[in-house]
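Everything below concerns the one structure shown next.
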Amino acid sequence: MSEVRKSISNRFAKIEGHVRSIKKMTDEERSYEEIMLQVAAVKKALQSAEKVIFSEQMKDMVEKGEYDQKRVDSFIK
């Protein structure tokens, strides 16, 4: 597995743990404010992972000579 894929996998493992902790917070009836702060953190982490994945996809497409605006647009949507 490449270093980039390991990094992406590690990001998702952290996100997974974070989501589990949000569920636990919900079960413990913690405040909605606390829960929403954690949800926002997970959203940010997902967006960060998405940027890395998108960037790697674009690099792969260019390296392989498969760059196609339709494909790029499909990843953006």
Any chain of hydrophobic side-chain contacts (each under 4.5 Å) joining Leu37 to Val19?
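The answer is no; the residues belong to distinct hydrophobic clusters.
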
Answer yes or no: is there a side-chain heavy-atom contact under 4.5 Å between Leu46 and Glu50?
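In short, these two side chains do not touch, never coming nearer than 4.5 Å.
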
Could you give the side-chain donor-acceptor pairs of residues 2-13 under 3.5 Å, partners two or more places apart or in another chain?
| unit_1 | atom_1 | unit_2 | atom_2 | d |
| --- | --- | --- | --- | --- |
| Ser2 | OG | Arg5 | N | 3.1 |
| Asn10 | ND2 | Lys6 | O | 3.4 |
| Arg11 | NH1 | Ser48 | OG | 2.6 |

Measure across Ile22 and Val39 and return the closest heavy-atom pair with its distance rounded to 0.1 Å.
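Closest pair (atom of Ile22, atom of Val39, distance): CD1-N, 3.8 Å.
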
Checking Gln38 side chain against Ile35 main chain: does a donor-acceptor pair fall under 3.5 Å?
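No; judged by distance alone, with no hydrogens or angles, the pair does not exist.
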
How long is the span from the CG atom in Asp27 to the CE atom in Met25, to the nearest 0.5 Å?
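So the CG of Asp27 and the CE of Met25 are separated by 11.0 Å.
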
Distance, nearest 0.5 Å, that separates NZ of Lys23 from OG1 of Thr26
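Here the interatomic distance stands at 8.0 Å.
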
Residue from Glu56, Glu63, Gln57 passing side chain to side chain donor-acceptor pair (under 3.5 Å) with Lys59:
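Output: one option passes, namely Glu56.
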
I'd like to know whether CD of Glu33 has more than 12 heavy-atom contacts from other residues, nucleotides or ligands below 6.0 angstrom.
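No, the 6.0 Å shell around CD holds no more than 12 heavy atoms from other groups.
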
Check Arg20 with Glu16, please: is the shortest side-chain N to carboxylate O separation under 4.0 Å?
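Salt bridge: yes.
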
